[in-house]
Amino acid sequence: MLSLQNTVFMKSAAKLSQCPSDTGAEVALCGRSNAGKSSAINYITNQRKLARTSKTPGRTQLINFFSVPSSRQDPDSFRLVDLPGYGFARVPEKIKRDWHANIDNYLQHRQSLRGLVLVMDIRHPLKEFDLLMLDWSAQANVPVHILLTKADKFKRGLQQSTLLQVKRKLDESVTIQTFSTLSRIGKDQLIDQMSSWIAEAE
Ligand SMILES: Nc1nc2c(ncn2[C@@H]2O[C@H](COP(=O)(O)OP(=O)(O)O)[C@@H](O)[C@H]2O)c(=O)[nH]1
Ligand SMILES: [Mg+2]
C-alpha cells in the first residue's frame, strides 16, 4: 500500500507557473474552507501539523505542494496538493475570480494530476463550490473522489443514507466514501483510491 508517512512540505505556489515541475504524479485535495481538508491531509499522512488546521476560514490563495518520497532513488515521484477553497459568501468577487482562473488553469493543464479528492462536510454536501469543482473536473477529465468527512457527527444509519443520497446526484464516474479524522474512519479507502489512480496512469 502507498505510504504517506514520510510526506514533507515542498512549496507553495500562487499560480501555475510557480508549481513544481510537472513530472511524476500528484493528487489534489480541495474543499470549502472549514470542510476538513487540512485535518484529512494530517490524518492520512499520520502527521499532526503538516497542513495547518484552524477554526477560522483561511484567506490564503496559495496552492501547497507536499512531496511523498517513495524511495531514496526517487525522492519525489508522488505529490499531495492542497488546493485552496472558500465557502463563505463574504469572499470578495475579485478573489473568487482570481481563484477560479487559477484552479481552472491547474485542472486543465497539469499533466501530472491523477485525481481530485473533494472534501465535503457530511452535514453540508454539494454546495455551490462543490458543484463548480465537479463541473470543472469533468470538463478537464480529472477523476473525482468525494470524502464526506466529519461523519462522526452522524449516527451510522444517517451516514449511509446521506452517502447514498449524495451518490445518486453524481456522475457514475465519481466515487464517494464517508470519512472522519475524529473517529479515524476512511483512511485506507482513500489511500487505496489514490493508489489506483497512480497505478492506472503507469
Ligand atoms: N468532528 C469532526 N471535526 C472535524 C473533522 N475534521 C475536521 N474537523 C474540524 O473542522 C474544523 C475545520 O477543519 P480544517 O481541517 O481546518 O478544515 P479546512 O479549512 O478544510 O482545512 C476544525 O475545527 C477541525 O477540528 C472530523 O472528521 N470530525
Ligand atoms: Mg485548511
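Sequential numbering from 1 along the given sequence is applied to the chain's residues. Remember, it's 1-based here, ligands and their atoms both numbered in the order they're listed. Because the structure is a prediction, the values reported are computed rather than measured.
- The only member of Ile41, Ile63, Val27, Val117 that meets side-chain contact (heavy atoms from CB on, under 4.5 Å) when paired with Val81 is Ile63.
- By the criterion of a heavy-atom distance under 4.0 Å, the side chain of Asp152, and not its backbone, is placed next to ligand 1.
- No more than 12 heavy atoms of other residues, nucleotides or ligands sit less than 6.0 Å from atom NZ of Lys153.
- Distances between N or O atoms of Ala40 and those of ligand 1 include no value under 3.5 Å.
- In this structure, Pro143 and Trp197 approach most closely via the heavy-atom pair CB-NE1, 3.4 Å.
- Every atom of ligand 1 with a heavy atom of Gly36 under 4.0 Å away is listed here by number and element: 7 (C), 13 (O), 14 (P), 15 (O), 17 (O), 18 (P), 20 (O).
- Remark: among candidates Ser33, Ser39, Gly31, Cys30, the nearest residue to atom 13 (O) of ligand 1 is Ser39, based on non-hydrogen atoms.
- Smallest separation of non-hydrogen atoms from Asp152 and Gln159: N-NE2, 4.4 Å.
- At distances below 3.5 Å, not a single donor-acceptor pair connects side-chain atoms of Gln189 with backbone N or O atoms of Gln177.
- Looking at Thr149 against ligand 1, only its side chain comes within 4.0 Å, counting heavy atoms.
- If you look at Trp99 and Phe129, their ring centroids are closer than 6.0 Å.
- Annotation for ligand 1: atoms under 4.0 Å from non-hydrogen atoms of Arg32 are 20 (O).
- At a 4.0 Å heavy-atom cut-off, ligand 1 touches Lys153 through the side chain alone.
- In the model, Arg79 has a side-chain atom that pairs as donor or acceptor with a side-chain atom of Ser112 under 3.5 Å.
- Atoms of ligand 1 lying under 4.0 Å from any heavy atom of Ser38, numbered from 1 in the order shown and given with element: 15 (O), 18 (P), 21 (O).
- No cation-pi contact links Lys187 to Phe179, judged by a cut-off of 6.0 Å to the six-membered ring centre and 45° from its axis.
- Residue Thr181 approaches ligand 1 through these ligand atoms, each under 4.0 Å from one of its heavy atoms: 5 (C), 6 (N), 26 (C), 27 (O).
- For the Mg ion (ligand 2), the N/O/S atoms of Ser39 include none lying under 2.8 Å.
- Not a single N or O atom of Ala151, backbone or side chain, sits closer than 3.5 Å to an N or O atom of ligand 1.
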